[in-house]
Number of protein chains: 2
Amino acid sequence: MASDSEKTDAQRKRASDKAEQILQGATQVFLAQGYDRTSMDRVAKTAGVSKQTLYAYFSDKQALFEALVARMAKQRFQGAFADESLDGNPDAVLPPLIQQGLASLAQDTEYHDFIRIMIGESKRFPDLIQTFFSNVTLPTIETIRHYLESQPELDIPDAEATAHILLGALVFYMLTQEVMGGRDILPMSQDRLSASLIHLLGVSKSSSSEND
Amino acid sequence: MASDSEKTDAQRKRASDKAEQILQGATQVFLAQGYDRTSMDRVAKTAGVSKQTLYAYFSDKQALFEALVARMAKQRFQGAFADESLDGNPDAVLPPLIQQGLASLAQDTEYHDFIRIMIGESKRFPDLIQTFFSNVTLPTIETIRHYLESQPELDIPDAEATAHILLGALVFYMLTQEVMGGRDILPMSQDRLSASLIHLLGVSKSSSSEND
DNA sequence: GTCTATAACCGGATAGAC
DNA sequence: GTCTATCCGGTTATAGAC
């Protein structure tokens with residue numbers, strides 16, 4: 001009957017919605033509690049579905065977690081400051097890039113939770129780390145590297161290694177200050193860090209360039 | 001009398017030995033399995049004591065973990081490259097410092113496990129992070145900062161922020177390569193990283209003592 | 001008296017069934 | 001959506017052994 005086909009269409013459309021709905025609830029719970037302390041009961045309740053529905057979409061806890069990580073990684077892929085194609089002279093490009101990168105890393109508390117669980121479970125789920133690296137870290141490194149290579153005046157002999165250093169400084173800041181909560185015992189401001197990074201890269205804020 | 005005091009001494013001596021024995025076993029299990037997946041049963045078995053003895057020395061799982069972290073942090077405090085008082089000109093001091101720091105960070109697999117669990121559980125046990133920071137990270141930062149401040153020729157306007165950057169680059173390398181196992185997907189050698197760090201700091205490599 | 005060995009208690013979690 | 005089978009882990013209690 002008509003109601004039958006309508007129902008089928010509605011279900012098909014809702015199928016991906018249900019998966020999304022589950023993943024959103026799961027994300028909340030996993031990021032707040034960590035992998036082991038997250039129960040499927042609570043995921044089902046938070047997502048507003050029954051456990052049967054939950055297990056219909058995801059075969060077990062591990063599969064759910066894997067889908068969650070893949071989703072977060074893809075989300076980051078288009079959200080990070082990795083997609084902007086950079087050009088223009090360093091004096092104009094690097095300071096805002098560093099400041100905005102640092103600010104966005106420092107602000108995103110959901111990302112802090114994600115990083116915490118990624119590192120914490122990296123030994124147990126090595127494949128997930130590959131997903132994360134290839135979707136998030138590697139594109140970021142490549143973007144920075146490409147820009148550094150395009151600016152010979154920066155005099156950077158190894159752009160890839162320098163990209164690791166640059167990103168490393170930003171990530172370490174996020175880790176100590178936000179992910180691990182060391183603001184009080186290791187105080188450091190975003191401004192001081194970015195100013196020192198810019199200084200190390202040899203970017204002059206004025207027009208003079210003093211090279212030997 | 002004599003036997004009495006002897007017995008008391010022996011017991012007292014054995015008390016700390018037992019605690020040490022338990023902590024060593026606990027360290028093995030916690031670092032390999034993570035906090036939640038570590039069972040007190042297995043800790044007792046690994047340490048070679050009964051569960052009763054285990055609970056006689058440590059009131060519960062959390063207390064055991066706290067003692068373990070405090071012990072590891074103190075161990076690191078005297079083991080890190082933070083205790084050497086540095087001086088001498090940067091061309092001679094910085095390259096070996098960076099290379100050796102990087103090498104020791106990259107080699108110590110027990111430390112990688114420790115870092116993984118510290119970050120993973122940092123939200124649940126924020127006090128332990130303070131222990132770790134004040135015993136390990138802060139002294140390291142201070143040592144680097146003090147040296148950078150003592151060398152005006154490096155032209156570093158903010159030694160503390162620069163110490164964060166320097167340490168951050170090393171720690172990020174250890175995290176991506178070893179802790180999270182990204183060697184294959186984010187390949188980077190210690191030599192390239194340290195060379196680029198040295199280059200960024202503006203140290204001339206004229207004093208290279210290596211043969212290649 | 002302290003350590004060992006073992007078992008019991010209790011909550012909770014996965015997974016699946018009604 | 002509840003209910004249940006099954007299992008596992010933290011913790012405590014009961015044995016006996018040195």
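Chain letters run A, B, ... following the sequence lines, proteins first and then strands; every chain starts at 1.
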Can you tell me the distance, in whole Å, between the [atom1] atom of [X] and the [atom2] atom of [N]?
{"X": "A/Arg37", "N": "D/dG9", "atom1": "CZ", "atom2": "C1'", "answer": "13 Å"}
{"X": "A/Leu64", "N": "C/dT14", "atom1": "CG", "atom2": "C1'", "answer": "13 Å"}
{"X": "A/Lys45", "N": "C/dA13", "atom1": "NZ", "atom2": "P", "answer": "11 Å"}
{"X": "B/Tyr35", "N": "D/dG9", "atom1": "OH", "atom2": "C1'", "answer": "12 Å"}
{"X": "B/Phe58", "N": "C/dC3", "atom1": "CZ", "atom2": "C1'", "answer": "16 Å"}
{"X": "B/Ile22", "N": "C/dT4", "atom1": "CD1", "atom2": "C1'", "answer": "13 Å"}
{"X": "A/Leu54", "N": "C/dA13", "atom1": "CG", "atom2": "P", "answer": "14 Å"}

**OP:** Scan B/Thr38 against the nucleic acid and name what it touches under 4.0 Å (heavy atoms): base, sugar-phosphate only, or nothing.
**Re:** sugar-phosphate

Subject >> Non-neighbouring partners of B/Asp41 that pass salt bridge (Lys or Arg N to Asp or Glu O under 4.0 Å), sequence neighbours left out >> reply: B/Lys51

Original post:
Stepwise, does the side-chain contact (heavy atoms from CB on, under 4.5 Å) test hold for B/Glu20 with B/Arg71?
Top reply: CA-CA 10 Å; B/Glu20 247 307 293; B/Arg71 176 172 167 274; 2.8 Å; yes

**OP:** Taking the side chain as every heavy atom from C-beta outward, state whether A/Lys61 and A/Phe30 have any pair of such atoms under 4.5 Å apart.
**Re:** yes

Subject >> Among C/dT14, C/dC3, D/dG9, the nucleotide that comes nearest once only the side chain of A/Ser39 is considered >> reply: C/dT14

Would you list the protein and nucleotides 11-14 of chain D atom pairs, both N or O, that sit under 3.5 Å from each other?
from, atom 1, to, atom 2, distance (Å)
D/dT11, OP2, B/Tyr55, OH, 2.9
D/dT11, OP2, B/Lys61, N, 3.1
D/dT11, O4, B/Lys51, NZ, 2.4
D/dA13, N6, B/Gln52, OE1, 3.3

Distance-only donor-acceptor pairs under 3.5 Å for side chains of residues 159-172 of chain B, two or more places apart:
from, atom 1, to, atom 2, distance (Å)
B/Glu160, OE1, A/Arg192, NH2, 3.0
B/Thr162, OG1, B/Asp158, O, 2.8

**OP:** Return no unless some side-chain N or O of B/Ser50 is found under 4.0 Å from OP1 or OP2 of C/dA5.
**Re:** no

Original post:
Should we say atom CZ of B/Arg42 is surrounded by more than 12 heavy atoms from elsewhere, each under 6.0 Å from it?
Top reply: no

Original post:
side-chain contact (heavy atoms from CB on, under 4.5 Å) between B/Glu66 and B/Phe58: does it pass, once the steps are laid out?
Top reply: CA-CA 10 Å; B/Glu66 285 165 0; B/Phe58 302 97; over 6 Å; no

